[in-house]
Amino acid sequence: MIRRLDSDRSGYDLCIVGAGPAGLVIANELACAGLKICILESGGETRTAFADALKTVESRKLQIKHGSRERVIGGAGTVWGGLSAPLDPVDFEERPWCEGWPITLEHIEPFLVRAAQYRFPLPAEFKAERRAGWDMPGLREKLFIAVRPPFDFARLRSVFERSGIDLFLYATAVRIMTEKTDRLATAAGIVCRSPEGKEFRVRSHAYVLATGGIENSRLLLDSDIGNENDQVGRHFMNHPKGYAGRIVLSSSLPAGSPYLPRSVNGRILYAGLTLPQEEQRSRGLLNSYVQFEPDLSVLQRYAYGLWRRMPAWLNPLFNMLRPRIMRLRWYADMEPRAENRILLSAQTDAHGRRVPAVSYELGERDRETLRALHGRLRDELRRLRVGILEGNVSDVILAATEDASHHVGGTRMGRHARTSVVDADCRVHSVENLYVAGSSVFPTCGSANPTYTIVALAIRLAEHLSEVLKGAA
């Protein structure tokens with residue numbers, strides 16, 4: 001049932017905070033498990049001015065876009081463009097400067113397969129033989145796939161038609177209540193406030209925070225939970241992006257080039273370029289990538305946008321555009337550094353809560369990776385004699401400042417409580433029945449859009465919760 005929260009609630013097996021992609025997928029995966037479940041959503045069926053104001057964040061150094069997060073059924077999935085890619089094996093590995101993930105890509109891959117039910121590509125589609133691009137052994141192609149239209153996570157509201165599964169709207173979680181035990185703390189309820197300022201409590205056997213890459217940390221900090229080792233909010237990452245430089249080609253790219261976004265069987269595919277994984281390991285570099293876009297007039301960009309959605313047999317029409325100048329768009333991977341973090345500012349919102357203050361910037365390893373990627377692209381183009389790279393590497397670093405809306409880290413997953421917030425099962429180390437879902441648990445950022453991995457981890461967490469909660473019954 002979908003309704004407004006108007007009184008205290010109890011008796012649930014699981015309470016999920018947040019009706020974005022992670023929270024809705026967990027509820028959907030558990031729909032047939034025979035559990036009594038509720039989701040608390042701060043917004044409503046559609047966007048409202050009140051809920052929109054609650055998204056306020058104080059940015060320090062690099063900026064966080066206001067429109068990168070939503071308080072509405074579907075959450076940030078309502079502004080997601082459908083682009084996806086899996087993380088790479090190197091992203092999971094322990095390196096001298098990075099603790100790595102407590103799980104591997106092979107461990108997650110079965111859940112990436114199961115994510116196909118939400119219109120994500122199968123992992124095999126990313127591994128399939130790609131269209132021929134330039135022969136650049138010094139660079140690696142990274143395939144990205146966008147399903148059009150993207151999956152509408154708000155469609156999962158149908159799960160709330162089932163008996164015992166409730167969605168409460170306009171219920172902003174403001175605090176997590178806990179009780180102390182001999183061993184670990186126990187989450188004992190979620191305190192919520194309505195837009196009118198009324199306060200209610202929701203009690204359950206277990207809880208999942210799925211409020212987004214920034215808000216998960218904010219709620220834990222507000223509640224003074226899980227931060228015994230000063231780890232909550234730390235290691236925040238993003239994919240700071242920007243345009244810098246261009247390639248002047250000796251001849252136009254063919255319509256089938258992997259570097260041009262193209263519609264194939266209802267999916268838009270393109271390849272970005274990254275440094276080889278072995279080089280990342282040996283040189284201590286990251287997984288930043290660069291993509292190409294035709295440098296076209298306004299009219300040509302409109303025609304290009306139409307063309308890339310057309311069937312492949314219309315490829316000859318592309319030759320009319322003759323793109324010989326390509327703009328470069330850079331996406332920076334970020335080293336998980338403790339000083340990049342989410343704090344609470346002195347500013348408060350309509351509920352009297354301190355708004356999050358996100359302080360992060362590129363580090364030296366991040367900048368050095370962009371320098372190496374820029375230099376390698378320049379050298380490979382010169383070797384192949386296919387074009388000239390114009391622009392300076394300093395321009396790339398200056399340009400990589402725009403929020404990619406990929407808010408990663410803050411409650412990262414790890415083996416040790418002293419260096420992480422949640423364990424390999426996404427449970428807060430110090431609280432026996434409190435879990436965290438979403439990109440805030442990622443220990444690294446990589447070069448992939450996070451939604452695919454968010455959904456895979458949500459399916460994995462749902463499977464774990466099913467076992468735990470059935471065992472507790």
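As the structure is a prediction and not an experimental result, all values here were calculated from the model.
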Where the side chain of R365 meets the backbone of G284, is there a donor-acceptor pair that is under 3.5 Å apart?
yes
Give, for atom CZ of F236 and atom CD1 of I342, the distance between the pair rounded to the nearest 0.5 Å.
5.5 Å
As an exercise, state the distance from OH of Y259 to CE of M326, rounded to the nearest 0.5 Å.
11.0 Å
Which heavy atom of G23 sits nearest a heavy atom of A210, and at what distance?
N-CB, 3.7 Å
Looking at every heavy atom in both I214 and V358, which two are closest together, and how far apart are they?
CD1-CG2, 4.0 Å
Apply salt bridge (Lys or Arg N to Asp or Glu O under 4.0 Å) to R157 and list each qualifying residue two or more places apart in sequence or on a separate chain.
E45
Taking all non-hydrogen atoms of both residues into account, name the closest pair between L30 and A462 and its distance.
CD2-O, 3.2 Å
Side-chain (D366) to main-chain (G363) donor-acceptor, under 3.5 angstrom
yes
Got P240 and L362 here, is their nearest side-chain heavy-atom distance under 4.5 Å?
yes
Sequence neighbours excluded - salt bridge (Lys or Arg N to Asp or Glu O under 4.0 Å) pairs with any residue from residues 243-255
R246-D295, R246-E390
Do T444 side-chain atoms and G446 backbone N/O form a donor-acceptor pair below 3.5 Å?
no
Summary of ring-ring contact (aromatic ring centres under 6.0 Å, His included) pairs that have at least one residue in residues 325-344, sequence neighbours excluded:
Y289-Y331, W330-H374
Would you mind checking if K61 and E339 are paired as a salt bridge, meaning a charged N to carboxylate O distance below 4.0 Å?
no
What's the spacing between S447 OG and L273 CG if we round to 0.5 Å?
11.0 Å
Using 30° and 60° as the class limits, which term best fits the ring planes of W134 and F292: parallel, tilted or perpendicular?
tilted
Side-chain donor-acceptor contact under 3.5 Å, N216 with T211
yes
With distance as the sole criterion, is a donor-acceptor pair present between the side chains of E70 and T78 under 3.5 Å?
no
Can any side-chain N or O of R324 pair as donor or acceptor with the backbone N or O of L249 at less than 3.5 Å?
yes
After noting the C-alpha distance and the side-chain angles of V57 and V355, does the key distance pass the side chain to side chain contact (heavy atoms under 4.5 Å, CB included) rule?
CA-CA 6 Å; V57 60; V355 306; over 6 Å; no
For residues 280-290, the salt bridge (Lys or Arg N to Asp or Glu O under 4.0 Å) pairs (sequence neighbours left out) are E93-R281, E278-R281, E279-R283
Shortest non-hydrogen contact from V208 toward A437:
CG1-CB, 3.9 Å
Are R69 and D403 close enough for a salt bridge, meaning some N to O gap below 4.0 Å?
no
Would you call the rings of F151 and Y118 parallel, tilted or perpendicular, taking 30° and 60° as the class edges?
perpendicular
Any carboxylate oxygen within less than 4.0 angstrom of a Lys/Arg side-chain nitrogen, looking at R460 and E463?
no
Output yes when a side-chain donor or acceptor of N449 lies under 3.5 Å from a complementary backbone atom of T451, and no otherwise.
no
Using atom types as modelled and distance alone, determine if a side-chain donor or acceptor of R337 lies under 3.5 Å from a backbone N or O of E361.
yes
Between SG on residue C426 and CG on residue L457, distance to nearest 0.5 Å:
6.0 Å
Checking the side chain of S250 only, and the main-chain atoms of V386 only, is there a donor and an acceptor separated by less than 3.5 Å?
yes
Backbone N or O of T274 within a donor-acceptor pair of the N287 side chain at under 3.5 Å?
no
Return yes if some donor-acceptor pair links the side-chain N/O of Y452 with the main-chain N/O of P121 below 3.5 Å, else return no.
yes
Looking only at heavy atoms, which two atoms of P336 and R412 are closest? And how far apart?
CB-NH1, 4.2 Å
Approximate separation, where rounding is to 0.5 Å, of L83 CG and Y270 OH
4.5 Å
For R383, what residues pass the salt bridge (Lys or Arg N to Asp or Glu O under 4.0 Å) criterion, not counting sequence neighbours?
E380
Shortest non-hydrogen contact between W101 and I108, atoms and distance:
CZ3-CD1, 4.2 Å
When rounded to the nearest 0.5 angstrom, what distance separates CG in L275 from NZ in K142?
13.5 Å
Is there a donor in the side chain of S420 and an acceptor in the side chain of H429, or the other way round, less than 3.5 Å apart?
yes
Please determine which of L40, L24, I73 meets the side-chain contact (heavy atoms from CB on, under 4.5 Å) test together with L167.
I73
What I want to check is whether the side chains of R193 and T172 have a donor and an acceptor closer together than 3.5 Å.
no
Among residues two or more places apart or on two chains, list those pairs meeting salt bridge (Lys or Arg N to Asp or Glu O under 4.0 Å) that have a residue in residues 343-357.
R218-D349, D222-R353
More than 12 heavy atoms from other groups under 6.0 Å of CD1 on I388:
no
Can you confirm whether or not the ring centre of F442 sits under 6.0 Å from the ring centre of H235?
no
Is any NZ, NE, NH1 or NH2 atom of the basic residue among K55 and D52 found under 4.0 Å from an Asp or Glu carboxylate oxygen of the other?
yes
Is T369 reaching over with its side chain to a backbone N or O of L286, donor-acceptor style, under 3.5 angstrom?
yes
